[in-house]
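Each chain gets a letter, A, B and so on, in the order the sequences are listed, and its residues count up from 1.
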Amino acid sequence: MQKDRTQTRLRDLEKIVRKEQDRLFRFAYMRIGNRADAEDILQDVFLKLFRSEENLKHINNLEHYLIRSVGNCCRDWQRKKKYNLLPIEDAGGIPVPDEDRQMHEEFLRINRMLESLPEEQSEIVRLKCSDGLKFREIAAILDIPEPTVKSRYRYAIAHIQKYIIN
Amino acid sequence: MKKNSKIEKMLAPDCEFKASESLKSRIMESAQAETTPNQRTAVRFPWRSAFATCAAALAIVAAVILIKPGSTPAYAAEALFARAAEYFSAVSGYTVHFEARTLPSDNFSYINPASKFVEHKMNVCSDGTWSLDKGGRKAVFDGRNVWSCLPEKGFGWKFDATAQRGVLESYYLLLNIKEMMHSLESFASKHPDIELRKGENEYVDMLVLIMPAQGDYKNDYAKYSSILDNKTRQMYVFNKADGRLMKMKIDAYIHGIPRTIVKLDSIDYDATIAEAGMHVPGNIEWIDMTAEGKAALSDSLPWDEFTGISAEVAVEKLFRALNTGDMAKLRVILSNSSITNMLETYRGCTIINIGSSFKSGTYNGVFVPCKVRKPDGKTRKYTIALKKDARFNSWVVDGGM
């Protein structure tokens, strides 16, 4: 009985991983900029989901839950990174693997455009433009009113527009 | 509005993002492992064999041994080395915090790329004493003996000082940080299968070593199970001004894709090392692995019971002895283990089947897969590591239980 239950949980997890991994990977990579750490975060989040699956009855929307969890882990990662002297990859010029080069260039390009924005605005821009979420979904994920999301987004886009013109 | 959509388009990444092929299997393996706790047990390889640490030549370990002060290897950064040596002569001790993908109570060398990172703390004092703690396993060198134990299980092993390298395994390197860069470079130059890359900027020197996996993988059981058993990319960052190690990162190539298995982000060079950190834990049953302790093992024990037989038969006899409580035989086959702990855990188990023994990776013993039924009726699979006792040529259990 217990064995069957475990097998079902494993099968469910596999389905969720298959469906969500690329989307969440893009989400994490665009905030972190390296494959290894982005995938570690995904692994931790999926395993946390697996461990606490029975206590997750309160989750109404799994996709939002996963995005929020990955987002939290990315923020923790960034906080930790801030106190490091310099990223190890940068220290000796370790090249980004060929297969990740285009992805990395996109990460750098977009982050350059967003770097002058306050975090609360840049995150909304990422969720909208990079992750393709609707304002309603962003509001639910960030737990803020939808009009606030829209106004922050508007400010951000106006700011980037100026940045591009200048 | 048109302008906005143009900007929005610019803010969207213009390429496909794909997680690694191996990510899903990694997650599923970890999840599977969580549903079958304790499949891997903590007592495997109380210390890695001399073969593994010496002959298989873990570069970073052997490097430290090969290069002793006074030797004159070709080295382009003598000045930096001198600065590092000068710096360290003034340092009374240091504390290293690092993380590795492992299990808290397993061997220090044990690596599992699917595991979470486990924090390690290493204290190194100027008098040569040290301690390494990863939660479930702690080792202390008090200047005379190495004490390595599993505090929660209540037992451990006492070794001679010469076992320091064997106990610390891959992390032995961290005992000798001042010679590290020098040693790594020199070692790589002597081993054509190791690729060495150098990098630098205004502040740091960086060494990157690409090392092939050591050992024989006709059977993949031990593959990826230690730094040595992985193809690795090892990155070391040194402070340009004084040669201090600042960072270390070891990536294993899993199906060709690098995955970080060890990372060290800071060393506290001015650490005040609390006495508690260097304390040999109390209330521990110590298994004497010193030369003296081994010599004291009685010749009158039935060593021949476990000589001249196959490893499979030895496993069969082990479980029989556990069930009958045959202490004489257990003192032989479990001479490296806590008999009390083994009896508590395995008494009443019956063997369902025993597979053929096999060798794998850098381990110089053999592995015997078996399936047993526990007294509560549940079945469990074990892969028991056995090796020959050097003195009596008798099989002894080396881990996996």
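Contacts of B/K116 with chain A are made by side-chain atoms alone, with heavy-atom separations under 4.5 Å and no backbone atom involved. For A/Y153, the part lying near chain B is the side chain, with the backbone staying farther off; criterion is any non-hydrogen pair under 4.5 Å. Contact of A/L114 with chain B is made through the side chain alone, with heavy-atom distances under 4.5 Å. Neither the backbone nor the side chain of A/R126 comes within contact range of chain B; no heavy atom of the residue lies under 4.5 Å from a heavy atom of that chain. In this structure, chain B has heavy atoms under 4.5 Å from both the backbone and the side chain of A/M103.
In terms of heavy atoms, B/M28 sits closest to A/L10 at CE-O, 3.1 Å. Across every non-hydrogen atom of B/A12 and A/E106, the tightest pair is O-OE1, 4.0 Å. For the pair A/L47 and B/A31, the tightest heavy-atom approach, listed with the atom from each and the gap, is CD2-N, 3.6 Å.
Considering only heavy atoms from C-beta on, B/L23 stays 4.5 Å or farther from A/V17 through its side chain.
Among A/M113, A/R23, A/R35, A/R154, the residue making the largest number of heavy-atom pairs under 4.5 Å with chain B is A/R35. The most heavy-atom pairs under 4.5 Å with chain B, out of A/M30, A/E39, A/Q21, come from A/E39. The residue among A/S130, A/A36, A/A158, A/G132 with the most heavy atom pairs within less than 4.5 Å of chain B is A/S130.
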Evaluation steps, salt bridge (Lys or Arg N to Asp or Glu O under 4.0 Å), between A/D40 and B/R101: CA-CA 11 Å; A/D40 279 358; B/R101 290 186 191 279; 2.3 Å; yes
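Rounded to the nearest 0.5 angstrom, A/K128 NZ and B/L11 CG are separated by 11.5 Å. Taken to the nearest 0.5 Å, the CD atom of A/E99 stands 8.5 Å off from the OG atom of B/S20. For the atom pair CZ of B/F17 and CG of A/D100, the computed distance is 9.5 Å after rounding to the nearest 0.5 Å. Rounded to the nearest 0.5 Å, atoms NZ (B/K24) and CD (A/E20) are 14.0 Å apart.
More than 12 non-hydrogen atoms from other residues, nucleotides or ligands lie less than 6.0 angstrom from CD of A/E146. The 12-atom threshold is exceeded at CG of B/D193, counting heavy atoms of other residues, nucleotides or ligands nearer than 6.0 Å.
In this structure a side-chain-to-backbone donor-acceptor pair under 3.5 Å is missing from A/R109 to B/P13. Between the side chain of A/Q43 and the main chain of B/A114, a donor-acceptor pair closer than 3.5 Å is present. Judged purely by atom type and a 3.5 angstrom limit, B/E8 has no side-chain atom pairing as donor or acceptor with the backbone of A/C129. One N or O on the side chain of A/D22 and one on the backbone of B/A19 form a donor-acceptor pair closer than 3.5 Å.
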